[in-house]
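Here is the structure we will look at, set down as structure tokens.
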Amino acid sequence: MIGFAGLSHLGINTSIGIASKGFDVLGYDANPTAVTQLRAGTLPVHEPGLQECYEKNKGHIRFTDKLDDLRTCEVVYVSLDVPTDEHNSSDLGPIEILLQNLATVLVPSTTVVILAQVKPGFTRKMSRRFPSLALVYQVETLIFGQALERVLRPERYIIGKSTKSRVLPAALTKVLSAFDCPILAMNYESAELAKIAINFCLVSSISVANTLSSVCESIGADWADVVPALKLDKRIGQFAYLDPGLGLSGGNLERDLTTIKVISEEVGCRSEVVGAWFSNSELQRNWPLKKLQEMILNQGCSNPRIGVWGIAYKKDTHSIKNSPSVWLLSHLAPHFQINAYDPQARFPELNPGPIQTKTATEAASECDVLLVMTPWDEFKTADLTNLKAMMRGKTIIDPFATLNAQRCKELGFEICQLGRPSGLEVHHEH
Amino acid sequence: MSIKVMSPKNMGGQRVVVLGASGFIGKALATALVSRKATLVAPTSKELDLSDPQSSDKLKNLLKPQDIVVFISALTPDRGKDRNTLLKNIQMAHQFCNGLAGAKPAYVLYVSSDAVYGDQWAVRNEDTPCNPSSFHGMMHCARELMVTQLCQTEKVSLGIIRPVAVYGAGDTHQGYGPNRYIKSARSEGSISLFGGGEEKRDHLYIEDLVELCMRCIVSQTSGVYNAASGTSTTFFDVANAVKAVFVPNAIIKTSPRGGPVTHIHYDTVKVLKTFPDLRMSTLNEGLTATREILKNN
């Protein structure tokens, strides 16, 4: 029996994914209401393929709100959400409490796998505090919108043990081996840092894309033409993350940058590059606002009606954590009329706030400018001819290149996208 | 006495004390305040000289509770760039703070300068560290801190505005840039550039600065704001713009370059976020408006 303590987004996806390999799974959560809903087959999270996978494998999955029931498990994953505050600091208190409770019910032969994102040093500290727990750390690689896929087809497992030479428990090895991917075992601290290192490399890549795409816009280059040249360089690679964006969002990248900044300050390492990345992120966040000023407000339209497609921080999620769209709307809503649409996310209650519409059409109807703030697939397939007819203005601010710029221009739109020369002659009169 | 209900167009008789109303910026701001129905109190330097050690008492007697106070008075670089000028300017701020203490104003606006940033940063916003390389910049850094600490102690809202080079019809300083170019084009028929005029700088039309000040005053917005147009232009292009607007056949003279080319740009998104409907003039618009004023005077 494989147990999960904490039925978070991560816990639900991972437990169902492991059940699909034939393992019997027991999911525990302290919230009895959540457990009741799960028992009724109502999954509280949405991920592509998740419901279908659950339906197919529900014979292998049980849910409980009794911690004692985990006693029968050979492996227990600690899969709580780790909340971050407005300073991007993690609150690991709930994990500590859960481990304390597990220490009172589990037998010493049970392997406890910390699957949550923690600071380097945390697992070692917990292993000293709860010596009866056989602790292992496993890097989690949750990506909203791809969660189940990443459980079923992991690229590799990164596992932290108390010492590098220690042998992995057989029960855990059996689970990991079912997924046919490399298992990289190291000590606790290396594994904890590995997750952060992955995110550092991603942020570095994103910051390069942001910086250079901004230069592209100013000098008439097209970042979309530059990227293939980079990806064909083996040192950079075909899967390098080189799309410019509107700043770091979602919470995880920001949290990991902050963790290293704090550790560096404690131990005396230099980490100024982290500050530069945060600055870069903040500058990118301003891009739609600056384009709105350049293309609309400075062109004589001082009170535009604004349409917004997308509120979530990225597509295929309802999460608005650090969402650039929410940030933008909260600044504009007090001054302008805004209609906003998102397939899943809800805008927080704000007075004044934007009007959240039920359809993309309603949001775009009669607007002077449309901002496509989240690259949902439904926007990619929007009828652009229809869009032109329903808008009052002809300006589209499309940072993620969700719409076909060429087609938009043919229809008479003025469109700007990150890293692309706009083709719009903005006159700086002299 | 309570703060008046104000709108950007009608300040409803609200008392606004402007220290430094005889200078280029102060005069323009004072004119705007009067036109928008503020009750302007603008002591001359004869009536209230902040370099006088007794001036804080005079200021205290002048101020009433719930006044809005604008502090612009300073000895500008054309009146001295040395340590003595630095000390005089700081002494003025010292007297100002002593006079303000206990006066219970509703809001204070301090007009500083982009000189606080020094020469190091090519792209600036309000988070750019202050690193002055001149006594003028250092003076404003010190004064900002003095006024900030006082307002924190007195629990008074404080706005600080850091303008870039400001141009317009009432300029008296003739700093290098549009103001000097206008004067020399009109009086000598030529404009002299340092080097080839390759450096890019931001220049702000005076009425745009005044409008930003008014917005801050009316809404009692606290915090630091850079006052810039958001568009940096080479001095060469500025000279050509002045030539086109004022003296089409003026000669633009270049000179051998004395140092490396540096550029300075301002990210004005903080003003944009706070006042999204505030639009700054283009260089051509500002120069044209300046020409019309000079023509009529």
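First the proteins, then the strands, lettered A, B, ... as listed; each starts at 1. Keep in mind the model is a prediction, meaning the values are calculated, not measured. No hydrogens, no waters, no symmetry mates; every other heavy atom, side chains included, goes into these values.
A ring-centre distance under 6.0 Å is not found for B:His203 and B:Tyr181. Ring centers of B:Phe194 and B:Phe235: at least 6.0 Å apart, outside the cut-off.
Only the side chain of A:Leu283 comes within contact range of chain B, judged by heavy atoms closer than 4.5 Å. A:Trp327 touches chain B through its side chain: at least one heavy atom from C-beta onward sits under 4.5 Å away, while N, CA, C and O do not.
With respect to the salt-bridge test (charged N to carboxylate O, under 4.0 angstrom), the residues B:Asp114 and B:Arg162 do not qualify. Here A:Arg420 pairs with A:Asp222 in a salt bridge; the nearest charged N to carboxylate O distance falls below 4.0 Å.
Taking chain A as the reference chain and counting heavy-atom pairs below 4.5 Å, the highest number among B:Leu272, B:Thr274, B:Asp277 is found for B:Leu272.
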